[in-house]
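I'd like to ask some things about the structure below.
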There are 2 protein chains.
Amino acid sequence: MSLDKKIQISDAEWEVMKVVWELKRPTSGEIISCLNSNGFDWSPKTIRTMITRLVKKNEIKCKEEDGLLRYSSIKEKDRLIKDAGKRFLKKIFDGGTSNLLLHFVNNTDLSNAEIEELQKSLDQKRDEQKK
Amino acid sequence: MSLDKKIQISDAEWEVMKVVWELKRPTSGEIISCLNSNGFDWSPKTIRTMITRLVKKNEIKCKEEDGLLRYSSIKEKDRLIKDAGKRFLKKIFDGGTSNLLLHFVNNTDLSNAEIEELQKSLDQKRDEQKK
DNA sequence: TATATATGACTACAGATGTAGTCTTGTGTC
DNA sequence: GACACAAGACTACATCTGTAGTCATATATA
C-alpha cells in the first residue's frame with residue numbers, strides 16, 4: 001500500500017470542473033464569466049491555463065463550434081466525486097466510513113429535514129442489507 | 001470568495017501526521033519504521049524530508065531527548081480533521097453537508113451496528129436542536 | 001479599412017511536493 | 001580504536017500547480 005500517485009484534479013481545477021458540469025458545454029469565456037461571478041477573482045489567463053491543463057489531463061474534452069471551443073467533462077460528475085470521496089476517506093479516516101459520517105454529523109449544522117432524509121436513507125440501507 | 005491559499009498538509013504528510021499522533025512523541029526512526037510497516041515503501045530520506053517540512057510548516061515541533069529528536073503535533077488531531085473536512089466539503093459539495101453525508105451513505109458499505117450508531121447520533125442531534 | 005477585443009496556443013516563473021543524495025556527528029559494536 | 005549505522009542539516013532535481021505574459025488569429029464595431 002502506498003499513496004495513489006495518479007495526477008489529481010487540483011482544488012482550483014475542481015472549481016473549473018464544477019462550472020463545466022453546470023453550464024453544459026461552455027466556452028472558455030462562459031467559464032471565465034461564471035467563475036468570476038462566483039467570486040473567484042482569477043485572471044482570464046489563469047482560468048484558460050487551468051482549462052488547457054484539464055484537457056491535457058484528459059479530464060475534459062473540447063469540440064469546435066462556430067470558431068469557438070466548447071468544453072465538456074470526459075467522466076461523469078458522480079464518478080469524480082466518488083473517487084475524490086474515496087481518497088479523502090482513506091487519507092483522513094483510514095477508510096473508516098462511519099468515522100467520517102459521525103465526524104460530519106457531530107461537527108456541522110443539519111436541518112431537521114436533512115436529518116430526516118438521512119434517517120430515511122439509513123433505514124433504506126439497513127433494509128436492503130437485510131435481504 | 002476564492003480558494004484558501006494557506007499551505008496545506010500534503011497527502012504524504014498526512015500519513016506522517018497520523019503516525020505522529022499514534023505513536024506519541026516518536027523519533028524519526030520510529031516514524032520511518034511505522035510507515036514502512038504500514039506499507040509505505042518510502043526511503044528514510046524521503047520520510048525525514050517530510051518530517052523536516054512539517055516542522056517548517058509549523059505543524060509539528062520537536063524536542064531533543066537523549067541526543068534524539070522527538071516529534072509531536074502542534075495542533076490537536078481533531079482540529080486538523082475538522083479543517084480538512086471543511087475544505088473537502090467546500091471543494092466537492094459546495095459546503096452542503098447533507099449532500100456529502102447522503103453520498104457516503106449511498107456509496108459505501110456500512111454495518112448494521114454502524115447504521116444504528118449513526119441513527120443514534122442523528123437522533124441526538126435532532127433532540128439538541130429542539131431545545 | 002482600422003481598431004478593439006476575445007480566443008487559443010505557447011511560454012515562463014515561483015512555490016509546493018515527492019524523491020532522494022551528501023556530509024557531519026554521535027552512538028553502538030567488535 | 002576502527003567500523004557501521006542512524007540521525008539531522010543541508011542540498012538538489014523533477015513534476016505539479018497557481019499566476020500570469022506574449023503572440024497570432026478571428027470576429028465585431030465604428
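In what follows, chains are A, B, ... by sequence order, proteins preceding strands, each numbered from 1. Keep in mind that the numbers below use all heavy atoms, side chains included, and drop hydrogens, waters and symmetry copies.
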Roughly how many Å is it from CD in B:Glu30 to P in D:dA7, rounded to a whole number?
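B:Glu30 atom CD is separated from D:dA7 atom P by 9 Å.
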Nucleotide C:dA6, atom P - distance to CD1 of A:Ile32 in whole Å:
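These atoms are roughly 9 Å apart.
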Where the side chain of B:Leu68 is defined as all heavy atoms beyond and including C-beta, which of C:dA20, C:dA16, D:dA7 is the nearest nucleotide?
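Minimum distance to the B:Leu68 side chain belongs to D:dA7.
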Answer yes or no: is there an ion pair linking A:Lys90 with A:Asp4, defined by an N-O contact shorter than 4.0 Å?
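So A:Lys90 does not pair with A:Asp4 through a salt bridge.
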Check the distance between C:dA12's P and A:Lys45's NZ and give it to me in whole angstrom.
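From A:Lys45 NZ to C:dA12 P: 16 Å.
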Inter-end axis angle, the helix from C:dT1-D:dA30 to C:dC30-D:dG1, with every axis fitted to five base pairs (rounded, 10 degrees)
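Answer for the end axes of this duplex: 0°.
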Length of the CG-P vector between B:Asp11 and D:dT17, whole Å
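That distance rounds to 11 Å.
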Provide the closest heavy-atom pair for A:Phe40 versus B:Leu3 in the form atom of the first, atom of the second, distance.
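Closest approach of A:Phe40 to B:Leu3, heavy atoms only: CE2-N, 3.9 Å.
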What is the separation between atom CD on A:Glu13 and atom P on D:dG18, rounded to the nearest whole Å?
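Going from CD in A:Glu13 over to P in D:dG18 covers 6 Å.
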Using a 4.0 Å heavy-atom cut-off across all strands, classify B:Gly29 as base, sugar-phosphate, or nothing.
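Since only primed, P, OP1 and OP2 atoms lie under 4.0 Å of B:Gly29, the category is sugar-phosphate.
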Out of C:dG21, D:dG8, D:dT19, which has the shortest distance to the side chain of A:Thr46?
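Taking heavy atoms from C-beta onward, the closest nucleotide is D:dT19.
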Is the closest basic N to carboxylate O distance between B:Lys18 and B:Glu15 below 4.0 Å?
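Salt bridge present between B:Lys18 and B:Glu15.
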Find the distance A:Asp4:CG to C:dG18:C1' and express it as a whole number of Å.
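In whole Å, C:dG18 C1' and A:Asp4 CG are 14 Å from each other.
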I'd like to know if B:Asp83 pairs up with B:Arg79 as an ion pair, taking the criterion as any Lys NZ or Arg NE/NH1/NH2 lying under 4.0 Å from an Asp or Glu carboxylate oxygen.
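Counted as a salt bridge, because a side-chain N and a carboxylate O are separated by less than 4.0 Å.
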Between A:Ser28 and C:dA6, is there a side-chain N or O to OP1/OP2 distance below 4.0 Å?
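Checking C:dA6 against A:Ser28, no side-chain N or O comes under 4.0 Å of OP1 or OP2.
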Between C1' of D:dT17 and CD1 of A:Ile47, the distance in whole Å:
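Those two atoms, CD1 and C1', are 15 Å apart.
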Just to confirm, is there a sub-4.0 Å distance from OP1 or OP2 of D:dA7 to any side-chain nitrogen or oxygen of B:Arg48?
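Yes, because at least one side-chain N or O of B:Arg48 sits under 4.0 Å from OP1 or OP2 of D:dA7.
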Hey, does the side chain of B:Trp42 come within less than 4.0 Å of C:dT19's phosphate (OP1/OP2), counting only N and O?
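Checking C:dT19 against B:Trp42, a side-chain N or O does come within under 4.0 Å of OP1 or OP2.
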How are the rings of A:Phe93 and A:Phe88 set to each other: parallel, tilted or perpendicular (split at 30° and 60°)?
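Perpendicular, since the angle between the ring planes exceeds 60°.
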List in numerical order all residues of residues 50-65 of chain A for which some heavy atom is under 4.0 Å away from an atom belonging to DNA chain C.
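Residues of residues 50-65 of chain A that come under 4.0 Å of DNA chain C are, in numerical order, A:Arg53.
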Side chain of A:Ser43 (C-beta onward), nearest among D:dG8, C:dT17, D:dA20:
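Comparing D:dG8, C:dT17, D:dA20 against the side chain of A:Ser43, the answer is D:dA20.
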Considering non-hydrogen atoms only, spot the tightest contact between A:Asp109 and A:Glu114 and give its length.
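The pair with the smallest heavy-atom distance is O-OE1, 4.3 Å.
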Nearest-Å distance for atom pair CG/P, residues A:Leu3 and C:dG18
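It is 7 Å, rounded to the nearest whole Å.
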Considering all heavy atoms, the nearest B:Leu101-A:Leu101 contact:
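Taking B:Leu101 first and A:Leu101 second, the nearest heavy atoms are CD2-CD2, 3.4 Å.
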Let's see if you can work this out: which of C:dG8, C:dA16, D:dG18 has an atom nearest to the side-chain heavy atoms of A:Ser10?
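Closest of the options to the side chain of A:Ser10: D:dG18.
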Between A:Gly67 and B:Gly67, who's closer to the 5' end of DNA chain D by nearest nucleotide?
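Here B:Gly67 is the residue nearer the 5' end.
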For C:dT19, does OP1 or OP2 lie under 4.0 Å from any side-chain N or O of A:Lys5?
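So the side-chain polar atoms of A:Lys5 do come within 4.0 Å of the phosphate oxygens OP1 or OP2 of C:dT19, strictly under.
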Exercise: identify the closest heavy-atom pair between B:Lys125 and A:Thr108
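Smallest heavy-atom distance, with atoms named: NZ-O, 2.8 Å.
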Of all residues at least two apart in sequence or in a different chain, which pass the side chain to side chain donor-acceptor pair (under 3.5 Å) check with A:Asp123?
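By the side chain to side chain donor-acceptor pair (under 3.5 Å) rule, A:Asp123 matches A:Arg126, B:Gln119.
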Determine the minimum heavy-atom distance between A:Lys75 and A:Leu80, stating which atoms define it.
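Residues A:Lys75 and A:Leu80, closest heavy atoms: CD-CD2, 3.7 Å.
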Reckon A:Thr49 touches a base, only the sugar-phosphate, or nothing at all at heavy-atom distances under 4.0 Å?
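Here A:Thr49 touches the bases of the nucleic acid.
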